[in-house]
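Source: prediction; values computed, not measured.
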Amino acid sequence: MDIGIGLPGHAPWTDGRALVEWARRAERRGFATFSVSDRLVWTTPEPLITLAAAAGVTSRIRLQTSVLLAPLRADHALFAKAVTTLDRLAGPGRLRLGLATGLREDDFIVGGVDYATRGRQFDRLLERLTAVIRDGVVDGHAPVGPPPATPGGPRLLFGGHSTAAIRRIVAHGSGWLAGTATPEDLQQFAPALREAWSKAGRQGSPRVVASVMYALGPNAPQAVRDAIGPYYAFAGEEYARYGIAQALTSPDQIKAAIEEFTRIGCDELIFTGNDPDPGQVDQLADVLGL
């Protein structure tokens, strides 16, 4: 099982260069993937811009959105151009796009995108993104570029637990992203996904990627409360408390999570930080023996 690390973009960060340092250290310490999340109505940094900065200070580590709220990118041609440009900056095979419809209605209100039709808008975006990657054009018009560096374009992963998510994975994707997941979440969803994948005649198996929240060190419990509590407050106090309780704050918890996710066949586990200090990268790497 690969081990990735996620930027604490939802946490109360203030220094943008410290976020870039996360990417630099993640590559130096041997993590497989550096991931960034997405929200509009929050201080979370814009994911494609953040990954462009990460691409500039790294050369090998995979760069991934986990997950990007795709329907908010209402200008599909401009989004496709941003994706292929980032793929060029990163180099072949490094960029992976994790995409989802999004749950928070306030993101769509502020973004001027209709929340009720976001699924249909997502499907239209995928059609146009595919056209740019395959043919370099949108709706038969003038070329949109540059072409991607990765043959066939960056691999697509999809979040969500719906039948629509399975449909998108099977039709367009290489796998599933289970955000802030438990092993039980994977065991409940993965069998239906693998069955649909096989019925569609796809070769091999869909990649299954999960993420968990973490913080380490003497300030870890407070860092988790400061980051997760406000971030999940929209769903109510009980949900926020649940998110805080699920976060891993000790070496033993982290090692146990790796053992359990490995046991159930997860392909990659991403540890998403909650303390913006870049030293968190090194602390996690030390626990993992990287």
Indicate whether any N or O donor in one side chain lies under 3.5 Å from an N or O acceptor in the other, for [X] and [Y].
X      : Y      : answer
Ser174 : Arg155 : no
Asp87  : Thr84  : no
Glu268 : Thr33  : yes
Arg62  : Ser35  : no
His10  : Asn274 : yes
Arg124 : Gln121 : no

Paired with Met1, the side-chain contact (heavy atoms from CB on, under 4.5 Å) test is passed by just one of Ile264, Ile258, Val209, namely Ile258

When Ile49, Leu95, Thr65 are each screened for side-chain contact (heavy atoms from CB on, under 4.5 Å) with Leu86, the one that passes is Leu95

So, are [X] and [Y] salt-bridged, with charged N and O less than 4.0 Å apart?
X      : Y      : result
Glu195 : Lys199 : yes
Glu259 : Lys255 : no
Arg25  : Glu21  : yes
Asp114 : Arg120 : no
Asp123 : Arg128 : no
Asp15  : Arg17  : no

ILVMFWY network linking [X] to [Y], side-chain heavy atoms under 4.5 angstrom:
X      : Y      : result
Leu99  : Val36  : yes
Val281 : Val287 : yes
Tyr242 : Met213 : no
Leu157 : Trp197 : no

Check whether any side-chain heavy atom of [X] sits under 4.5 Å from a side-chain heavy atom of [Y], and report yes or no.
X      : Y      : value
Leu216 : Asp286 : no
Arg88  : Thr85  : no
Arg207 : Asp2   : yes

When rounded to the nearest 0.5 Å, the distance separating CG of Leu156 from CG of Leu129 is 6.0 Å

Separation between CD (Glu27) and CG (Leu63), nearest 0.5 Å, reads 8.5 Å

- [ ] Would you please test Arg39 and Arg104 for side-chain contact (heavy atoms from CB on, under 4.5 Å) and show each step?
- [x] CA-CA 9 Å; Arg39 279 291 316 282; Arg104 290 284 302 270; 3.0 Å; yes

Handout entry: side-chain contact (heavy atoms from CB on, under 4.5 Å) assessment of Val208 paired with Phe189
Key = CA-CA 10 Å; Val208 175; Phe189 185 80; over 6 Å; no

If you take all heavy atoms of [X] and [Y], which pair is closest and at what distance?
X      : Y      : answer
Val144 : Lys81  : CG1-CB, 4.0 Å
Thr180 : Ser211 : N-OG, 2.8 Å
Pro71  : Phe122 : CG-CB, 4.0 Å
Ala240 : Ile228 : O-CG2, 4.2 Å
Pro47  : Ser37  : CB-O, 3.8 Å
Tyr115 : Leu103 : OH-O, 2.8 Å

### Query
Would you call the rings of Phe234 and Tyr232 parallel, tilted or perpendicular, where under 30° means parallel and over 60° means perpendicular?
perpendicular

- Query: side-chain contact (heavy atoms from CB on, under 4.5 Å) between Tyr214 and Thr272: does it pass, once the steps are laid out?
  - Reply: CA-CA 6 Å; Tyr214 92 96; Thr272 300; 5.7 Å; no

Exercise. Can Glu260 and Arg263 be said to form a salt bridge (charged side-chain N to carboxylate O under 4.0 Å, His left out), step by step?
Worked result: CA-CA 5 Å; Glu260 186 64 12; Arg263 183 187 65 80; 2.5 Å; yes

Evaluation steps, side-chain hydrogen bond (donor to acceptor under 3.5 Å, both in side chains), between Arg96 and Ser66 | CA-CA 9 Å; Arg96 290 185 178 177; Ser66 300; over 6 Å; no

Requested in this report: Could you give me the CA-CA distance, side-chain angles and deciding distance for Ile5 and Ile270, then say whether side-chain contact (heavy atoms from CB on, under 4.5 Å) is met?
Outcome: CA-CA 5 Å; Ile5 192 165; Ile270 295 175; 5.7 Å; no

Quiz item: So, Trp176 versus Phe158, ring centres under 6.0 angstrom or not?
Solution: no

Subject >> Exceeds 12 heavy-atom contacts within 6.0 angstrom, atom CD of Glu184 >> reply: yes

